[in-house]
Amino acid sequence: MTRYDPRTAEPRQRARWEAAKAFVTPTGETGRPKYYVLEMFPYPSGNIHMGHARNYVMGDVVARHKRAQGFDVLHPMGWDAFGMPAENAAMERGVHPGDWTWSNIAAMRDQLKLLGLSLDWSREFATCDPAYYGKQQAWFIELLKRGLVYRKEGVVNWDPVDNTVLANEQVIDGRGWRSGAEVEKKKLTQWFLRITDYADDLVEGLASLDRWPEKVRLMQANWIGRSTGARVTWPLKGDVPSGFESVEVFTTRPDTLYGASFVGLAPDHPLSAAIAQRSSEAAAFIAECKKGGASQAEIDQAEKIGFDTGLTAIHPLDPTRTVPVWIANFILSEYGTGAIFACPAHDQRDLDFARKYDLPVIPVVRPDGAGEDFAVADEAYVGPGRIFNSADLDGLDVEAAKKAAVARIEAAGLGEGATVYRLRDWGVSRQRYWGCPIPIIHCEACGPVPVPADQLPVELPKDVTFDVPGNPLDRHPTWKHVKCPSCGADARRETDTLDTFVDSSWYFARFTDPTADAPIDKAAANRWLPVDQYIGGVEHAILHLLYARFITRALSDAGLMEVKEPFAGLFTQGMVVHETYKAADGKWVEPTDVEIVADGDRRTATRRSTGETLTIGDIEKMSKSKKNVVAPEEILEAYGVDAGRLFVLSDSPPERDVQWTTGGVEGASRFVQRVWTEFDGFDPAKTGDARLDEALRRETHKAIKAVSEGVEGFRFNAAIAKLYAFVAVIRAHAEAGGEARREALSALARLIAPFTPHLAEECWARLGQDGMVLDAPWPDYDPALVTDDELTLPIQINGKRRGEVVMPRGAPEDQVREAALANPAVQAYLVSVSQSVRKVIVVPDRIINLVAG
RNA sequence: GCGAGCGUGGCGAAACUGGUAGACGCAAGGGACUUAAAAUCCCUCGGCCUUUGGUCAUGCGGGUUCGACCCCCGCCGCUCGCACCA
């Protein structure tokens, strides 16, 4: 009997896989179906952490399982390698961002390889590789030609710490998503991608993504924020600034037009600005509005305030009516037209405003059953009902009135039905060095000219300095000075680089043939896309996943590939969390320095190095700041990769967070030993008895069924629990014959292979099987063996279990009923409560319930 | 405020489609082996009671059903996302 030693076995098996080039993706006509498994590729920060490990292990389980099921599997890995941290390192430590990034990649690649993942490393690339970003520049120019890229001066979100522009998606609570700095507004000329052209399609497409979490689809739909209604023009009266003879509003409630009591303008609406030019009062009011912060709390508390401009607007459906024009702080210039008409009776914000400034509240929708005198007090009525007080719209329901009102507005030439979106075009210019250069040359005479194809890639210059803030490309002595490709005159290279989210918006397509001349090889893309199973953190639910869906559509429309949705299946996994420990001085203490002593249900923590008592804090995401990090390498050293892989999947459902505990990984390690013990003690010549052999066979087939269902349903924790139980069963059948035990162990080796691949190979070899378990087919179960011939049926009386009866499977109902009624435990109970049976419910092969009284 | 999800032992969690609640693991307690420890193995492990049994128990209160962790109604709590979106 030998002890299993992962420290020798695991490297031995990895060397075997490597020597056999086992994970190189099959190419050419194999006749097998394809399966593309992808985990969101990592940013090369320098270290693989537990969260990465769990993510990649999940993908690996899927990849290995699909391979065993006979699929050709594509399972690649690469690096999302551009971005700010490399430049920060350059500024702090004087290293070049490229050197820093590439050495991180080398370190992380080595760490990843220790995890025994079935990755095709021959397809590896980093987005900072000119061979990759040059192709990105090529399709960028393609999209430019198709009008999907444009340049515009606009107000941008400026991150004063990172010294760059941020997309709307990258501003969270008014702060930069990376730096946390309060975002400033700044006017800049920027490159934009026309994602709004695809707004409708991106919403519609969500419906087809039936293997995405509902939550992510909802988040995307909300982000795009489509709403349908109408644009309505209100002619203005009074002392109107020139050029503003009317104002256009957007509304989703054209049915309530007759309930209008004022027209409202955003403080930064052009008309507001024009009014401010001649009225210092208005200017002061607008300044007041801008004071408020953008944070949640500030918006919650912000009071609705307004300023009466003195202008009036003529009602578009009734020229005899006019309403006042106000500037109000709660109107957003970025949404719709930046102007509204207010119907206080049927909109809470409008109502609050109207009450405050004593404006009329005119109800025009009344719920069924309400009379002519229907009125609202402090709560706007937003429900369904019939229109009244509204001329010829009277009597219509809300939906019909919307249509009728739009038709009338259109007939009057004062507007039309319209759909607006919350989604804005994607600003992709970043004033940074470490990114993909935007392949454009600016010429005085010709304007912005794309870099000709034969001059791609536009490579980043290596000789740059980071000693002063700002973009090093901008101050590089020679790089930006070029000739205009069109007229030959002196011209200037674009020095902005692309948002790194562009890099990750198409890498999954490049993986299908990373050496292709074209950005995407169509045949390879058609073979492999869409990604069948994409796995990553839910934090990418909007940004990355929305951008990738957009770019996929744009590139397909440009003829570069032929899929619409990049990710057919999406799984968002939970994080790895750990307890935190705090010393009396408030400093966090790392787990390796903590000794936990349990006394019954109470646990106390002591610091090993000093002996002081620690406070056990919350269970939180592993982070350097809380020092609650457990490095994968340490675990692999102590328990082996397989135990670590098993544990990160065994303790919680994959979509939920898993709490890292030493005890847990020790348990997994014990399981690894128990598995080995069964194989190591295997004696093929052993004779057993027929009943025991049969029992083991049944258990084997039941285990195959349960584990297969667990793996397929992404219930890895449940699958692993079944494996634990199966090993206990095998052990309990130690006296079964060699043949039955071989069947059980052969199945076990293949069932554990996705989770603990090294151990599985060792076991497979110990069984004397040829080749690698990696290539062995996934075991099938015999349906006849997973159902028992005899069943123990519980007998309930009034819903409480009072006894049980053993019956043959499929026993006729009256026979079951007889047996249940004759059951001694049942009889005894009925006597003790002096009740008799009134009714018998038999659920075949399940349960019997006696209704007694 | 709007939307989504969740709430089960000391802890992580199981429970297929409404059919024996707590599988599996951790922690804990007891025992075997050992000079001792580690490792390993065996037993106990939701609460209470008169313990071969009874009774209560899946956040709380109702309901539907022969039967509810599961379905319905109303609360409470937690987590996530969005947020003055017209």
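First the proteins, then the strands, lettered A, B, ... as listed; each starts at 1. Note that these values count all heavy atoms, side chains included, but never hydrogens, waters or copies made by symmetry.
- We find that CG of A/N329 is positioned 12 Å from P of B/rC84, with the value rounded to whole Å.
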Check: protein-nucleotides 42-47 of chain B nitrogen or oxygen pairs below 3.5 Å:
none

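- For the residue pair A/R226 / A/Y421, no side-chain donor-acceptor distance below 3.5 Å is found, with atom types taken as modelled.
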Provide a list of protein-nucleic acid N or O atom pairs under 3.5 angstrom, restricted to nucleotides 66-69 of chain B.
from	atom 1	to	atom 2	distance (Å)
B/rC66	O2'	A/N849	ND2	3.0
B/rC66	O2	A/N849	ND2	2.5

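- Using cut-offs of 30° and 60° on the angle between ring planes, the pair A/W326 and A/F353 is perpendicular.
- Contact between the side-chain N/O atoms of A/R217 and the OP1/OP2 oxygens of B/rA4 is not found at any separation under 4.0 Å.
- Cation-pi check for A/R3 over A/W676 is not met; the charged atom does not lie both under 6.0 angstrom from the ring centroid and within 45 degrees of its normal.
- Side-chain proximity of A/M219 to B/rG3, B/rC85, B/rG81: nearest is B/rG81.
- Checked against salt bridge (Lys or Arg N to Asp or Glu O under 4.0 Å), A/D350 has no partners two or more places apart in sequence or in another chain.
- Within the structure, the salt bridge (Lys or Arg N to Asp or Glu O under 4.0 Å) test picks out the following pairs touching residues 212-225 of chain A (sequence neighbours left out): A/E214-A/R217.
- Considering only side-chain atoms of A/S227, the nucleotide from B/rA23, B/rA13, B/rA86 that sits closest is B/rA86.
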Show each protein N/O and nucleotides 51-59 of chain B N/O combination with a separation under 3.5 Å, one pair to a line.
from	atom 1	to	atom 2	distance (Å)
B/rU55	OP2	A/R802	NH1	2.8

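- Remark: P of B/rA14 and NZ of A/K722 are 12 Å apart, rounded to the nearest angstrom.
- Here A/R656 lies in heavy-atom contact (under 4.0 Å) with sugar-phosphate atoms only.
- Residue pairs meeting the salt bridge (Lys or Arg N to Asp or Glu O under 4.0 Å) criterion with at least one partner in residues 836-853 of chain A, sequence neighbours excluded, are A/R809-A/D845.
- Aromatic ring pairs are classed by plane angle as parallel below 30°, tilted from 30° to 60° and perpendicular above 60°; the pair A/H540 and A/H544 is perpendicular.
- A/F671 and A/Y724 have parallel rings, their planes meeting at less than 30° on a 0 to 90° scale where 60° marks the start of perpendicular.
- Within the structure, a side-chain polar atom (N or O) of A/R422 is placed less than 4.0 Å from OP1 or OP2 of B/rA83.
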- Taking Watson-Crick and G-U wobble pairs with both distances under 3.5 Å, convert RNA chain B into its dot-bracket string, 5' to 3', dots for unpaired and | for cross-strand pairs. (((((((..(((......[....))).(((((.......))))).((((...))))..(((((..]....))))))))))))....
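- Not counting sequence neighbours, A/R54 has no partner by the side-chain hydrogen bond (donor to acceptor under 3.5 Å, both in side chains) test.
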Between the protein and nucleotides 16-18 of chain B, which nitrogen or oxygen pairs come in under 3.5 angstrom?
from	atom 1	to	atom 2	distance (Å)
B/rC16	N3	A/R846	NH2	2.9
B/rC16	N4	A/R846	NH2	2.6

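- Looking at heavy-atom distances under 4.0 Å, A/T251 makes contact with sugar-phosphate atoms alone, never a base.
- Side-chain nitrogen and oxygen atoms of A/Y724 include none within less than 4.0 Å of the OP1 or OP2 phosphate oxygen of B/rG25.
- Within residues 346-353 of chain A, the residues that have a heavy atom under 4.0 Å from RNA chain B are, in order of number, A/R349.
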Pairs under 3.5 angstrom, nitrogen or oxygen only, protein versus nucleotides 32-34 of chain B, please.
none

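- With sequence neighbours excluded, no residue forms a salt bridge (Lys or Arg N to Asp or Glu O under 4.0 Å) with A/E712.
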